[in-house]
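Heavy atoms only: backbone and side chains are in, while hydrogens, waters and symmetry mates are out.
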Amino acid sequence: MSESVLSEIHRVAGLALLLLILGLLMDHVAFFLLLGVLAYLAWHLFNLARFQRWFEEGRRFHPPEVWGVWGDVFYNVYRLQQRNRLRRRRIIRMLQRFQEATAIMPDATVVLGVQGEIEWWNEAAGISFGLRAPQDMGQRIANLVRHPAFAEFLTAGDYSGTVQFPSPVNEQVMLAVRIVRYGKEHLLLIARDITPIYRLDQVRRDFVANVSHELRTPLTVISGFLETMSEDDSYYPPQWAQQWGRSVYLMRKEASRMQHLVDELLLLSRLEMDKGMHRREIIPVSDMLTMIGEEAVVLSGTLRGELRHTISVEADPHVRLQGNNTELRSAFSNLIFNAVQYTPPQGRINVRWYADATGAHLEVSDTGVGISAEHIPRLTERFYRVDTARSRESGGTGLGLAIVKHVLNRHDAHLHIISAPGKGSTFVCDFPLILTIRSEAIN
Ligand code: ADP
């Protein structure tokens with residue numbers, strides 16, 4: 001119990017005793033006690049009214065001089081108010097400093113509420129998204145920034161990555177947008193101008209596409225002549241036959257390797273440039289895999305002769321896929337032909353195609369050389385090879401898995417690689433349920 005309350009109790013007790021004695025002397029105990037209680041109550045009511053007036057009138061004023069327990073009440077409330085005022089001032093100052101800092105940040109920053117409504121933005125956001133105060137305050141960001149990629153990103157709710165799209169006010173400016181959740185229900189949208197990087201990347205892509213395209217025609221001509229030369233020995237004197245034959249064979253082999261490289265570069269450029277999936281059809285994947293399996297048997301025979309591989313294809317004919325036929329064929333053949341390339345003679349290659357509750361899956365496993373853990377995350381990079389000499393020797397370009405990754409991305413699918421040196425490899429492509437079609441659903 002506080003000191004002021006204790007002394008109040010003492011005071012009340014002293015007063016009651018005094019009134020009791022007076023009452024006894026005057027022979028009116030009840031009257032005196034009642035008088036005392038009424039007076040005490042009146043004093044409290046009076047102070048309560050003063051307190052209320054002081055509290056309502058102005059918290060800045062010092063409390064009035066009050067006697068007894070009410071003096072302590074006034075003083076304690078006054079102290080509490082002072083402390084709160086200081087704290088509030090400090091928070092406001094901090095908030096102002098934070099807003100000043102974010103306002104001059106070069107990255108566009110927008111604070112969004114639960115429904116995506118705009119609560120605050122900085123100057124850069126005003127320029128990048130064309131936001132105007134006060135009319136855009138409280139508007140939903142999806143109504144003002146209408147790019148389909150952004151709308152999809154916003155509604156998907158998975159904000160782990162970024163989305164790129166041109167600024168709604170200037171098509172020449174490319175933005176990379178991130179969204180971060182904060183507090184209980186707020187979102188912080190941060191947009192960065194990536195125009196220089198985007199342009200550089202575009203220049204690189206155009207360069208690769210153009211060079212590949214330009215190389216294609218001369219290569220076709222060279223290959224054509226080499227083919228004719230190898231079939232018609234009237235092109236060179238008979239005494240050179242043996243030497244020429246070998247040279248022409250090597251030239252044809254290298255020319256075809258280069259043609260393959262150019263074709264893969266062009267395919268990659270096309271996959272990169274063409275962002276959307278325009279041609280989606282229902283693909284009988286099991287037929288496609290059976291055909292690739294037969295081609296793999298031929299390849300295996302060419303590479304290993306009598307010691308060819310055992311290749312099995314177990315594909316569920318009831319599971320089909322919605323996607324792009326050419327792209328998927330290219331991705332699946334890359335995986336299956338790689339298994340043939342990197343598996344020693346008489347090894348086993350198993351291809352499985354099936355569906356479960358999560359979607360459709362392609363599994364290509366082999367008993368080949370395997371890959372050590374440090375290489376696995378980098379396999380889908382362009383020109384990344386575990387063993388460059390071996391890959392070149394087998395006619396590899398180092399682009400196959402990069403193509404696989406791009407094709408899978410375009411089908412919202414993912415690639416998993418399970419492998420260890422000497423233990424073989426399994427490449428798994430997981431396709432989403434939304435693209436998986438079971439025959440029962442078609443018929
Ligand atoms: P490449 O044309 O060289 O085969 P890829 O992009 O298809 O290029 O593959 C990249 C590298 O991954 C290959 O060079 C090889 O080292 C490794 N690789 C791919 N598939 C397999 C596999 N089935 N077994 C072992 N290594 C593989």
Side-chain angles (χ1 to χ4, degrees), residues 1-105 109-123 125 133-134 136-140 179-190:
M1 205 178 289
S2 79
E3 216 171 286
S4 66
V5 174
L6 264 177
S7 52
E8 184 68 12
I9 292 171
H10 288 153
R11 257 194 304 272
V12 171
L15 193 70
L17 195 67
L18 189 73
L19 287 169
L20 190 70
I21 295 167
L22 268 176
L24 284 173
L25 286 177
M26 301 284 192
D27 205 13
H28 281 296
V29 175
F31 172 74
F32 273 93
L33 281 179
L34 184 69
L35 198 69
V37 169
L38 284 177
Y40 188 66
L41 197 66
W43 179 72
H44 271 300
L45 284 175
F46 171 69
N47 279 319
L48 189 66
R50 277 177 88 186
F51 178 79
Q52 206 166 3
R53 207 173 332 119
W54 170 74
F55 196 76
E56 278 170 5
E57 261 178 10
R59 294 171 211 168
R60 284 163 185 278
F61 301 126
H62 274 277
E65 283 294 324
V66 184
W67 175 80
V69 72
W70 278 99
D72 282 351
V73 172
F74 272 97
Y75 180 67
N76 286 337
V77 171
Y78 178 68
R79 253 195 11 202
L80 202 71
Q81 281 177 346
Q82 290 283 2
R83 223 181 300 148
N84 281 347
R85 204 168 302 142
L86 272 177
R87 209 175 292 159
R88 213 178 50 221
R89 233 179 273 154
R90 218 176 300 143
I91 291 172
I92 290 174
R93 230 179 296 137
M94 244 165 65
L95 198 70
Q96 270 172 349
R97 242 180 287 150
F98 170 76
Q99 285 197 339
E100 276 164 18
T102 19
I104 56 151
M105 244 168 45
T109 312
V110 185
V111 174
L112 302 172
V114 206
Q115 309 286 336
E117 68 275 16
I118 300 171
E119 290 188 0
W120 181 86
W121 67 84
N122 68 354
E123 206 181 311
D136 292 338
M137 193 64 86
Q139 294 268 5
R140 289 200 180 173
I179 292 184
V180 188
R181 286 181 202 280
Y182 82 96
K184 267 196 183 143
E185 291 172 322
H186 275 82
L187 298 174
L188 190 67
L189 182 150
I190 305 158

- Message: Quick check against the 3.5 Å criterion: does N47 have a side-chain atom that pairs as donor or acceptor with the backbone of W70?
- Response: no
- Hey, is the main chain of E3 close enough, under 3.5 Å, to the side chain of S7 for a donor-acceptor pair? yes
Would you say [X] and [Y] make side-chain contact, with heavy atoms under 4.5 Å?
{"X": "V29", "Y": "L24", "answer": "yes"}
{"X": "R87", "Y": "I92", "answer": "no"}
{"X": "L19", "Y": "L35", "answer": "no"}
{"X": "V37", "Y": "Y40", "answer": "no"}
{"X": "R88", "Y": "N84", "answer": "no"}

- Query: Does I118 have any side chain to side chain contact (heavy atoms under 4.5 Å, CB included) partners at least two apart in sequence or in another chain, and if so, which?
  - Reply: V110, L112, W121, L131, I141, L144
- Query: Among all residues two or more places apart in sequence or in another chain, which pass the ring-ring contact (aromatic ring centres under 6.0 Å, His included) test with Y75?
  - Reply: none
- Task: Could you tell me which residues satisfy ring-ring contact (aromatic ring centres under 6.0 Å, His included) with H186, sequence neighbours excluded, listed by chain and number?
- Result: Y182
- Locate the shortest heavy-atom distance separating A103 from W120; write the atom from each residue and the value. N-CH2, 4.3 Å
- Query: Is the number of heavy atoms from other residues, nucleotides or ligands within 6.0 Å of NE2 (H28) greater than 12?
  - Reply: no
- Message: Looking at E117, I'd like to know if its CD atom is crowded, meaning that more than 12 non-hydrogen atoms belonging to other residues, nucleotides or ligands lie closer than 6.0 Å.
- Response: yes
- Message: Please determine whether a side-chain nitrogen of the Lys or Arg among R97 and E100 lies less than 4.0 Å from a carboxylate oxygen of the Asp or Glu.
- Response: no
- May I have the step-by-step check of side-chain contact (heavy atoms from CB on, under 4.5 Å) for L25 and I21, ending in yes or no? CA-CA 6 Å; L25 286 177; I21 295 167; 4.2 Å; yes
- Could you walk me through whether V77 and W54 pass the side-chain contact (heavy atoms from CB on, under 4.5 Å) test, one step at a time? CA-CA 11 Å; V77 171; W54 170 74; 3.9 Å; yes
- Within 45° cone and under 6.0 Å: R50 NZ/CZ vs W43 ring: no
- Task: Would you please test I190 and V180 for side-chain contact (heavy atoms from CB on, under 4.5 Å) and show each step?
- Result: CA-CA 8 Å; I190 305 158; V180 188; 4.3 Å; yes
- Please work out whether the ring planes of F74 and F51 are parallel, tilted or perpendicular, with thresholds of 30° and 60°. perpendicular
- Given the rule in the side-chain contact (heavy atoms from CB on, under 4.5 Å) test, do R83 and R85 qualify, once you have shown the distances and angles that lead to the verdict? CA-CA 5 Å; R83 223 181 300 148; R85 204 168 302 142; over 6 Å; no
